[in-house]
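Below: the structure, in structure tokens.
Each chain gets a letter, A, B and so on, in the order its sequence line appears, and its residues count up from 1. Since the structure is predicted, the reported quantities are computational estimates derived from the model, not experimental observations.
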Amino acid sequence: DVIYTALIDGHCKADNITEAFSTLHSMLGRGVLPDVQTYTVLIHGLSKAGKMQDAMGIFSELQDKGLVPDVFSYSALIFGFCKQGEIEKALQLYDEMCSKNIEPNIVTYNALIDGLWKSGDNKKANDFFTTILEKGLVPNAVTCSIMINGLCKSGNVTEAFRLYDEMPLRGVMPDSFVYNALVDGCCKGGNLEKAIELFEEMVEKGFVTTLSFNTLIDGLCKFRKLDEASQLLEA
RNA sequence: GGACGCCUG
């Protein structure tokens, strides 16, 4: 099982769903029974590929075989539906797992909150963030970057900075995802000075990635600050 | 042996 699951996961990560299924069939052919983890890896691969009806098909197949989906299985489906913008389905699965006492964890919430921001449901995104805290779950760097990005993109850059300032108090250190989201927020909000200031802070802390350059250069270009942009490239 | 987040296009 371990070997087959790793193999199927590898095919999925290589975006080769066809090979993943042929591995599943060959394990069935050899009388090796897939377990929940095997099916979940497939569900995740299908979800990532946007094939939600197939993912749901595997999800029911797993249950038909008497296996019980776990928090990973549900999170994978929620992630997939969010990516497709089918938030209602994601929320439905969230309710379903809660009713089955399969506790959503931080990853489940992160996927859901990201989907909510991207579908423009700012209120529900904020509400679920509150839910996390109420449940005593600990937001991680991913949670913070999702929230900060969502706040920035919805024009609440000030709120985003507030969350950023709170991060150390919550025991989470900002990473390059967080910084990049903030730099992008500043750029798109027209606050190029702040964006550059943050970028310099990132340089000091070693958080600058290629994406940081893209973000800042794009921002500077869109505001016709071509001189600053080329200066950045030369430095 | 399994999960989520940043820019551009």
| field | Within 6.0 angstrom of Leu226(A) CG, more than 12 heavy atoms from elsewhere | value | yes
| query | Between Phe199(A) and Phe213(A), is the ring centre distance below 6.0 Å? | reply | yes
| field | Those residues of residues 135-148 of chain A lying under 4.0 Å from RNA chain B by at least one heavy atom | value | Ala141(A), Val142(A), Ser145(A), Ile146(A)
| task | Describe the nucleic acid contact of Lys153(A) in one word from base, sugar-phosphate, nothing, applying a heavy-atom distance below 4.0 Å. | result | sugar-phosphate
| message | Whether the side chain of Ser22(A) engages the backbone of Glu19(A) through a donor-acceptor N/O pair (distance < 3.5 Å, no angle test) should be reported. | response | yes
| field | Asn122(A) backbone acceptor or donor facing Asn126(A) side chain under 3.5 Å | value | yes
| For RNA chain B, the residues among residues 99-124 of chain A that have a non-hydrogen atom under 4.0 Å from it | Asn105(A), Val107(A), Asn110(A), Ala111(A), Asp114(A), Lys118(A)
| task | Taking only heavy atoms on the protein side, list every residue of residues 75-84 of chain A lying under 4.0 Å from any atom of RNA chain B, sorted numerically. | result | Ser75(A), Phe79(A)
| task | Quick one: label Thr210(A) by what it contacts on the DNA or RNA (base, sugar-phosphate, nothing), any heavy atom closer than 4.0 Å. | result | nothing
| request: For RNA chain B, note the earliest and the latest nucleotide, 5' to 3', having some atom under 4.0 Å of a heavy atom belonging to chain A. | output: G1(B) to U8(B)
| query | Would the number of heavy atoms belonging to other residues, nucleotides or ligands and lying under 6.0 Å from CZ of Arg170(A) be above 12? | reply | yes
| task | Check the pair Asp127(A), Thr130(A) against side chain to side chain donor-acceptor pair (under 3.5 Å), reporting the backbone distance first and the verdict last. | result | CA-CA 5 Å; Asp127(A) 288 349; Thr130(A) 308; 5.2 Å; no
| task | Establish, yes or no, whether the cationic atom of Lys194(A) lies under 6.0 Å from the six-membered ring centre of Phe161(A) and within 45° of the ring axis. | result | yes
| message | Using a 3.5 Å distance criterion without hydrogens, assess whether the side chain of Asp114(A) forms a donor-acceptor pair with backbone atoms of Asn110(A). | response | no
| field | Strand contacts (RNA chain B) in residues 5-28 of chain A, 4.0 angstrom heavy-atom criterion | value | Thr5(A), Ala6(A), Asp9(A), Lys13(A)
| task | Give a yes or no on this: more than 12 heavy atoms of other residues, nucleotides or ligands lie within 6.0 Å of atom NZ of Lys225(A). | result | no
| query | So, does Gln63(A) use its side chain to make a donor-acceptor pair with the main chain of Phe59(A) at under 3.5 Å? | reply | yes
| task | Enumerate the residue pairs fulfilling ring pair (Phe, Tyr, Trp, His ring centres under 6.0 Å) with a member in residues 119-139 of chain A, sequence neighbours excluded, ordered by first and then second residue. | result | Tyr94(A)-Phe128(A)
| task | Output the distance between atom CG (Asp184(A)) and atom CG (Leu198(A)), rounded to the nearest 0.5 Å. | result | 11.5 Å
| query | Passes side chain to side chain donor-acceptor pair (under 3.5 Å), Ser176(A) versus Thr209(A)? Steps please. | reply | CA-CA 7 Å; Ser176(A) 64; Thr209(A) 62; 5.1 Å; no
| Heavy-atom donor-acceptor pair, Asp175(A) side chain to Val178(A) backbone, under 3.5 Å | yes
| query | Are any of the side-chain nitrogens in Lys51(A) or Asp54(A) under 4.0 Å away from the carboxylate oxygens of its partner? | reply | no
